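Bear in mind the structure is a predicted one, so any value in this text is a computation, not a measurement.
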Amino acid sequence: QVHLVESGGGLVQAGGSLRLSCAVSGSGSFSDDAAAWFRQAPGKQREWVADISSDFGHDYADSVKGRFAIWRDNVKNKVFLQMHSLKPEDTAVYYCNTGGTTSGSGYLAGRYWGQGTQVYVSS
């Protein structure tokens, strides 16, 4: 019943920027749940990129720190990922996740995932 739809991916040259959006519908507790972005490159495991808590705290993977920013709009039930200074190694399918929790040990993924949006960064 909870649906997540990612958008905003595409082809961009190294050094460029993209903003990903995640629209969440069917959730009665969006504002109370943590959310996150993950990504998965071909042949690699899905990895955590960034998360944002219900009180707007956030954290980032070292590989994207200083380049990416996550935020949320609790009125529109959306999660965003602004990506700057993109590198070829950022090429991956990016997934949005909701219903997770944050703690001192990190982000525990929730049960809700989108279908992903492809980001391709050319050299």
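Here the shortest heavy-atom pairing between Trp48 and Asp59 reads CZ2-O, 3.6 Å. Listed here is the closest heavy atom pair of Asn77 and Ser27: ND2-O, 4.2 Å. Listed here is the closest heavy atom pair of Ser21 and Trp37: O-CH2, 3.7 Å. Shown here for Leu18 and Val119, the closest heavy-atom pair between the two residues is CD1-CG1, 3.9 Å. Ala41 and Thr91 make their closest contact through CB-O, 3.7 Å (heavy atoms, listed as atom of the first residue, atom of the second, distance). Scanning all heavy atoms of the two residues, the minimum distance from Ser29 to Asp33 falls at OG-OD2, 3.0 Å.
Checked against side-chain hydrogen bond (donor to acceptor under 3.5 Å, both in side chains), His84 has the following partners two or more places apart in sequence or in another chain: Ser17. Listed by chain and residue number, nothing satisfies the side-chain hydrogen bond (donor to acceptor under 3.5 Å, both in side chains) test with Gln82 (two or more places apart in sequence, or in another chain).
Between Val64 and Met83 the shortest side-chain heavy-atom distance does not fall below 4.5 Å. At least one side-chain heavy atom of Leu86 sits under 4.5 Å from a side-chain heavy atom of Phe68. Looking only at side-chain heavy atoms (C-beta outward), Gln40 and Tyr95 come within less than 4.5 Å of each other.
Once rounded to the nearest 0.5 Å, the distance linking OG of Ser53 with OH of Tyr107 reads 10.5 Å. Taken to the nearest 0.5 Å, the CZ atom of Phe56 stands 12.0 Å off from the CD1 atom of Ile70. Asp73 CG to Lys78 NZ: the interatomic distance, rounded to the nearest 0.5 Å, is 8.0 Å. Going from atom CD of Gln1 over to atom NE2 of His3 covers 7.0 Å, rounded to the nearest 0.5 Å. Atom-to-atom distance recorded for Thr98:OG1 and Ile52:CD1 is 13.0 Å, nearest 0.5 angstrom. For the atom pair OG (Ser54) and CG (Asp32), the distance works out to 6.5 Å, reported to the nearest 0.5 Å.
A cation-pi contact, defined as under 6.0 Å to the ring centre and within 45° of the axis, links Arg72 to Phe30.
Under the 4.5 Å side-chain heavy-atom criterion for grouping Ile, Leu, Val, Met, Phe, Trp and Tyr, Leu4 is not connected to Phe80 through any hydrophobic cluster. Both Tyr60 and Val79 are assigned to one and the same hydrophobic cluster, defined by single-linkage of ILVMFWY side chains at heavy-atom distances under 4.5 Å. If you chain together hydrophobic residues whose side chains sit under 4.5 Å apart, Val49 and Leu20 fall into the same group.
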Discussion item. One pair to check against salt bridge (Lys or Arg N to Asp or Glu O under 4.0 Å): Asp62 and Lys65. What are the steps and the verdict?
Written reply: CA-CA 5 Å; Asp62 288 341; Lys65 193 170 297 182; 3.3 Å; yes

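Note on residues 111-123: no pairs pass side-chain hydrogen bond (donor to acceptor under 3.5 Å, both in side chains), not counting sequence neighbours.
The number of heavy atoms from other shown groups lying within 6.0 Å of CD (Glu89) is above 12.
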